[in-house]
Amino acid sequence: MISRNAFLLLSILLLVSSVSSWKKEEFRTCDQTPFCKRARARTPGSCSLVATDVVINDGDLTAKLIPKFNGSKGEEDEQEKGEEPSKPLLLRLSAYQNGIVRLKIDEDPSLDPPKKRFEVPDVVVPEFDDKKLWLQRVSTEVINGDASQSSIVYVSDDHEAVLRHDPFEVYIRKKGGDCVLSINSHGLFDFEQLRNKKEGDNWEENFRSHTDSRPYGPQSISFDVSFYGADFVYGIPEHATSLTLKPTRGPEIEFSEPYRLFNLDVFEYLHESPFGIYGSIPFMLSHGKVHGTSGFFWLNAAEMQIDVLGSGWDAESGLSLPSSHGRIDTLWMSEAGVVDAFFFVGPEPKDVVKQYASVTGTSAMPQHFATAYHQCRWNYRDEEDVANVDSKFDEFDIPYDVLWLDIEHTDGKRYFTWDRVLFPNPEEMQNKLADKGRRMVTIVDPHIKRDESFHIHKEATKGGYYVKDASGKDYDGWCWPGSSSYLDMLNPEIRTWWAEKFSLQNYVGSTPSLYIWNDMNEPSVFNGPEVTMPRDLIHYGGVEHREVHNAYGYYFHMATADGLFKRGGGNDRPFVLSRAIFPGTQRFGAVWTGDNSADWDHLRVSVPMILTLGLTGISFSGADVGGFFGNPDTELLVRWYQLGAYYPFFRGHAHHDTKRREPWLFGEKNTELMRDAIHTRYMFLPYFYTLFREANTTGVPVVRPLWMEFPSDETTFSNDEAFMVGNSLLVQGIYTERAKQVSVYLPHGQSWYDLKTGVAYAGGVTQKLQVSEDSIPAFQKAGTIIPRKDRYRRSSTQMVNDPFTLVIALNASQAAEGELYVDDGKSFEFGKGAYIHRRFVYSDGKLTSSNIANPVSGSKVYSSDCVIERIILLGLSGAKNALIEPANVKADIESGPIMLQGGRGGPTALTVRKPNVRISDDWTIKIL
């Protein structure tokens with residue numbers, strides 16, 4: 001007879017193996033998802049709602065939406081089907097500064113619906129309300145010969161919002177002119193109202209062996225959104241597909257799946273697929289040469305499916321649409337929630353991402369160490385393994401900043417514990433790393449082992465902190481520890497309790513140099529429907545899991561980041577990596593693209609995935625370098641390091657079944673190539689850190705699609721093989737093995753300097769370049785100045801006091817500019833003014849440094865004795881020396897082959913040697 005423990009172990013192994021790779025049959029299609037199937041079956045013009053009682057109320061435009069035929073045939077049809085008559089919906093339209101419109105549509109609470117529909121809390125930042133424009137009046141008129149009136153309200157000096165009464169439609173247009181965005185232009189709006197269950201009603205849904213009780217019945221919402229003047233649409237991560245969103249329906253398109261937004265644990269996800277994986281951000285951007293950029297965001301945490309409708313899909317509808325110069329139509333479908341939608345009018349790409357960031361927040365400012373290289377594996381076996389890996393990095397002169405431990409470091413998959421056989425002295429282990437300026441990260445997942453001897457489980461059970469099943473009992477699912485329960489992170493009190501677990505007193509064996517990794521927080525449930533929680537589980541306030549599913553990991557990430565914030569006394573910036581994402585995730589830490597594979601296709605798709613995350617607010621992201629699953633050949637691994645050095649989050653990681661792949665294991669030449677790639681990242685850390693500050697203050701991402709920097713260059717619109725790092729560096733990956741040549745499009749308007757050789761290339765041209773094994777193509781845009789650090793240490797912490805190099809790439813006007821941001825790299829003192837922010841401008845033969853730090857009342861001071869030891873000038877010749885003012889001293893200028901880091905030599909460049917001007921001072925250097 002098999003023992004109970006052996007049976008449990010066998011069950012776990014079988015469950016794990018069942019999710020060890022992507023299996024199509026484990027996950028639902030649209031046809032197997034009733035709300036999606038119903039919404040897709042609707043025909044244009046089927047919405048019968050009209051807007052009535054339109055008034056200005058409390059600074060907003062409000063109206064009721066009622067069926068046009070209410071009280072006649074429409075109501076008779078509902079009664080014949082045994083359905084309750086539809087009740088009026090409440091519409092509220094609000095305008096905010098900087099061209100933002102918010103539309104809310106919900107059931108009328110005064111009409112006593114069976115329950116309050118869920119509105120997602122804690123995502124819209126509190127300061128957004130301060131930007132509300134209090135509407136004073138509404139203009140009512142007939143537009144473009146419509147049969148009914150429309151109500152028009154002010155949005156900005158350039159835009160206005162229009163509520164068309166019959167048929168109901170909301171659109172944003174340029175004042176008196178073309179549309180920018182619209183909702184329900186095609187009459188596809190549908191709002192399934194909550195109903196009281198009657199005898200004989202069967203609302204259950206079944207998928208495979210799972211039954212969803214659906215106690216409140218169908219409650220989905222769907223509507224069409226149109227983007228005018230758009231050449232392409234982008235966004236709605238997380239999907240392993242192209243940057244441009246391809247049409248999913250239309251007359252010339254084979255019927256395919258919509259883009260799915262449903263947080264799922266998908267092992268070995270497929271590239272080039274609309275299938276949803278770990279995160280969901282229902283934010284879409286459009287871009288076109290004529291009308292620029294606009295955006296649409298639906299704040300909703302339920303499952304969502306989105307169709308991008310191909311050209312001509314509505315040809316048979318006979319609708320009269322507002323005039324437009326091109327249009328992309330989309331269909332948005334969600335299982336539950338309310339309409340809480342935001343329109344962003346742009347018109348420039350950076351305007352839209354800033355508008356979105358003003359709603360959901362900007363990226364957290366990371367600690368400086370977190371922007372450097374991370375080394376991870378599932379799993380480093382024990383303290384000896386950790387010490388050996390650490391020492392090997394030093395032996396081979398490869399810098400790194402963070403070593404990671406996966407689940408095997410714990411005592412039986414109990415988080416906040418250590419396997420004391422394998423890790424008997426965790427504090428000493430962390431302190432040894434800290435002595436070299438390095439940190440450690442340990443994993444803490446949301447599944448809590450149901451073990452009466454485990455203090456976390458005992459406290460959670462006693463406090464009633466777990467998500468409940470449909471019968472009201474603590475939900476019991478299966479994950480890595482076996483039988484597990486899941487904390488109800490929607491409850492603020494439970495998040496506070498969880499945060500306390502990260503104190504040094506509660507997390508025994510932790511130190512201030514230990515940081516956290518949240519994995520499996522979609523949440524992953526091995527024996528649940530689609531490897532996640534059942535939809536009819538109950539959360540805080542009676543909220544069904546179906547309503548909050550996509551935000552579960554967000555709240556877990558939030559609570560963990562708060563725990564590290566409190567551990568550091570409120571002045572130590574947290575570092576928490578999350579796999580699940582949702583709007584607002586950027587405020588709490590970094591993310592990565594999950595369980596990718598060691599193949600060239602996954603290297604290739606990592607770029608559009610990271611670019612899309614940046615467009616939708618999450619700037620601090622990366623992909624597992626080398627691929628999580630499988631064993632990359634050496635060439636692929638090298639190419640991945642060369643590309644990953646430019647990811648915002650740069651981490652090597654691998655599955656425990658793969659061969660060890662630390663950089664020194666592949667022979668001297670390949671070790672040198674990977675070392676050079678990592679050195680490249682450390683060289684550019686000052687530039688990356690400056691860009692992270694820009695993301696922190698504005699929401700503009702660190703890495704950007706080419707069209708964000710070159711919005712009128714049509715060749716860039718669908719290019720997702722190359723990307724910009726900030727506004728100055730263009731990087732082109734190598735995505736095929738044994739490549740001899742690569743085509744690189746360099747956008748128009750400026751020339752471009754090869755990062756290795758200094759050779760200048762014309763913009764607006766696709767260059768065919770020879771490929772070398774020692775680097776991937778990268779270029780500095782003419783007219784920019786990039787700060788670097790060219791001395792390499794064991795870690796970024798040991799580089800703090802090293803001098804800087806400025807690389808000045810002159811344009812045709814012999815001018816350039818750039819910035820440098822520096823703070824203490826770890827605390828929140830920068831929020832009190834304790835930082836250095838300089839602008840460098842080269843013009844008329846002189847380089848000037850000026851202060852651009854915003855004054856802060858009662859500000860603190862951050863000082864630095866760091867100097868600039870070298871200035872490289874690209875595109876200039878003939879100068880002999882430099883005069884430094886106000887010191888009135890001269891510095892030598894050398895002329896010779898550029899020999900940038902890792903370079904092969906190239907054109908002659910001028911280098912100002914040892915000007916030794918402080919980065920914190922105002923100064924001018926005249927080139928003579």
Side-chain angles (χ1 to χ4, degrees), residues 27-28 30 32-40 89 103-107 113-124 189-194 203 205 207 210 212-223 225 236-238 258-264 275-284 296-307 330-342 360 467 470 488-490 521-523 528-530 532-555 580-585:
F27 304 100
R28 302 203 300 185
C30 179
Q32 295 169 316
T33 308
F35 82 86
C36 181
K37 188 175 181 179
R38 291 195 302 272
R40 264 189 158 188
L89 300 172
L103 173 66
K104 299 189 77 171
I105 301 175
D106 195 1
E107 299 188 55
K115 62 170 281 189
K116 185 182 186 308
R117 297 177 76 107
F118 180 63
E119 296 184 49
V120 185
D122 307 306
V123 170
V124 177
F189 184 91
D190 186 50
F191 194 113
E192 295 182 327
Q193 297 186 24
L194 297 171
W203 291 339
E205 289 181 1
F207 178 69
H210 302 279
D212 176 4
S213 63
R214 296 210 311 165
Y216 298 99
Q219 50 184 296
S220 70
I221 303 170
S222 56
F223 49 77
V225 176
I236 57 170
E238 188 172 25
Y259 289 97
R260 191 182 190 193
L261 297 180
F262 192 60
N263 292 18
L264 290 171
F275 191 81
I277 46 178
Y278 312 100
S280 301
I281 302 182
F283 172 38
M284 186 180 289
F296 178 81
F297 166 47
W298 185 6
L299 178 53
N300 187 316
E303 178 182 356
M304 201 176 293
Q305 305 259 8
I306 301 173
D307 268 321
T330 58
L331 176 62
W332 298 59
M333 306 163 275
S334 180
E335 184 182 13
V338 301
V339 177
D340 189 1
F342 298 79
T360 64
V467 178
D488 186 0
M489 288 298 183
L490 186 60
N521 55 338
E522 294 73 32
E530 301 192 275
T532 192
M533 280 186 181
R535 299 172 190 237
D536 56 0
L537 298 189
I538 303 300
H539 290 261
Y540 172 69
V543 175
E544 290 185 282
H545 184 71
R546 80 182 74 253
E547 300 174 281
V548 73
H549 173 83
N550 286 345
Y552 182 87
Y554 168 77
Y555 290 112
I581 61 171
F582 192 67
T585 286

For the [atom1] atom of [X] and the [atom2] atom of [Y], what is their distance to the nearest 0.5 Å?
| X | Y | atom1 | atom2 | result |
| --- | --- | --- | --- | --- |
| Ser220 | Glu303 | OG | CD | 11.0 Å |
| Glu107 | Glu192 | CD | CD | 11.0 Å |
| Thr360 | Leu299 | OG1 | CG | 9.5 Å |
| Ile277 | Leu261 | CD1 | CG | 11.0 Å |
| Glu530 | His210 | CD | NE2 | 9.0 Å |
| Gln219 | Phe118 | CD | CZ | 12.0 Å |

Pick from Val338, Ile306, Ile236, Ile221: which one makes a side-chain contact (heavy atoms from CB on, under 4.5 Å) with Trp298?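 Exactly one pass, corresponding to Ile221.
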
Could you check Val225 against Met284 for side-chain contact (heavy atoms from CB on, under 4.5 Å), going step by step and ending with a plain yes or no? CA-CA 10 Å; Val225 176; Met284 186 180 289; over 6 Å; no

Which atoms form the tightest heavy-atom contact between [X] and [Y], and what is the distance?
| X | Y | answer |
| --- | --- | --- |
| Asp106 | Glu119 | OD2-OE2, 3.9 Å |
| Pro529 | Pro534 | CG-CA, 3.7 Å |
| Asn550 | Phe582 | O-CD1, 3.5 Å |
| Asp122 | Tyr555 | OD2-CE2, 3.7 Å |
| Arg117 | Gln193 | NH1-CA, 4.0 Å |
| Val548 | Val543 | CB-CG1, 4.3 Å |

Quick check with a 6.0 Å cut-off and a 45 degree axis cone: is Arg28 positioned over the face of Phe35's six-membered ring?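 That pair does not qualify as a cation-pi contact.
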
Test item: [X] side-chain N/O and [Y] main-chain N/O as donor-acceptor pair under 3.5 Å:
| X | Y | answer |
| --- | --- | --- |
| Asn300 | Ala336 | yes |
| Asp307 | Leu331 | no |
| Glu205 | Asp212 | no |
| Ser280 | Phe262 | yes |
| Asp536 | Pro215 | no |
| Asp340 | Lys104 | no |
| Arg260 | Phe275 | no |

Given side-chain hydrogen bond (donor to acceptor under 3.5 Å, both in side chains), test Asp190 with Ser222 step by step and report yes or no. CA-CA 5 Å; Asp190 186 50; Ser222 56; 4.6 Å; no

Within a radius of less than 6.0 Å around OH of Tyr540, do more than 12 heavy atoms belonging to other residues, nucleotides or ligands occur?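 No, because the 6.0 Å sphere around OH of Tyr540 holds 12 heavy atoms or fewer from other groups.
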
Run through Glu335, Glu544, Glu547 and flag the one making a salt bridge (charged side-chain N to carboxylate O under 4.0 Å, His left out) with Arg535.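 Only match with Arg535 under salt bridge (charged side-chain N to carboxylate O under 4.0 Å, His left out): Glu335.
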
With sequence neighbours excluded, what pairs up with Phe297 under the ring pair (Phe, Tyr, Trp, His ring centres under 6.0 Å) test?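 Phe297 satisfies ring pair (Phe, Tyr, Trp, His ring centres under 6.0 Å) with Phe342, Tyr356 once adjacent residues are dropped.
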
If you apply the rule side-chain contact (heavy atoms from CB on, under 4.5 Å), what do you find for Met333 with Arg38, and how did you get there? CA-CA 10 Å; Met333 306 163 275; Arg38 291 195 302 272; over 6 Å; no

Could you check whether any side-chain heavy atom of Arg40 comes within less than 4.5 Å of a side-chain heavy atom of Gln305, counting everything from C-beta outward?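 Side chain of Arg40 against side chain of Gln305, heavy atoms only: no contact under 4.5 Å found.
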
Between Tyr552 and Thr532, does a side-chain contact (heavy atoms from CB on, under 4.5 Å) hold up when you go through it step by step? CA-CA 11 Å; Tyr552 182 87; Thr532 192; over 6 Å; no

Classify the ring geometry of Trp332 against Phe296: parallel below 30°, tilted from 30° to 60°, perpendicular beyond 60°.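 Rings of Trp332 and Phe296: perpendicular, as their planes differ by over 60°.
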
Using the test side-chain hydrogen bond (donor to acceptor under 3.5 Å, both in side chains), find all partners of His545 that sit at least two apart in sequence or belong to another chain.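 His545: side-chain hydrogen bond (donor to acceptor under 3.5 Å, both in side chains) contacts with His539, His549.
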
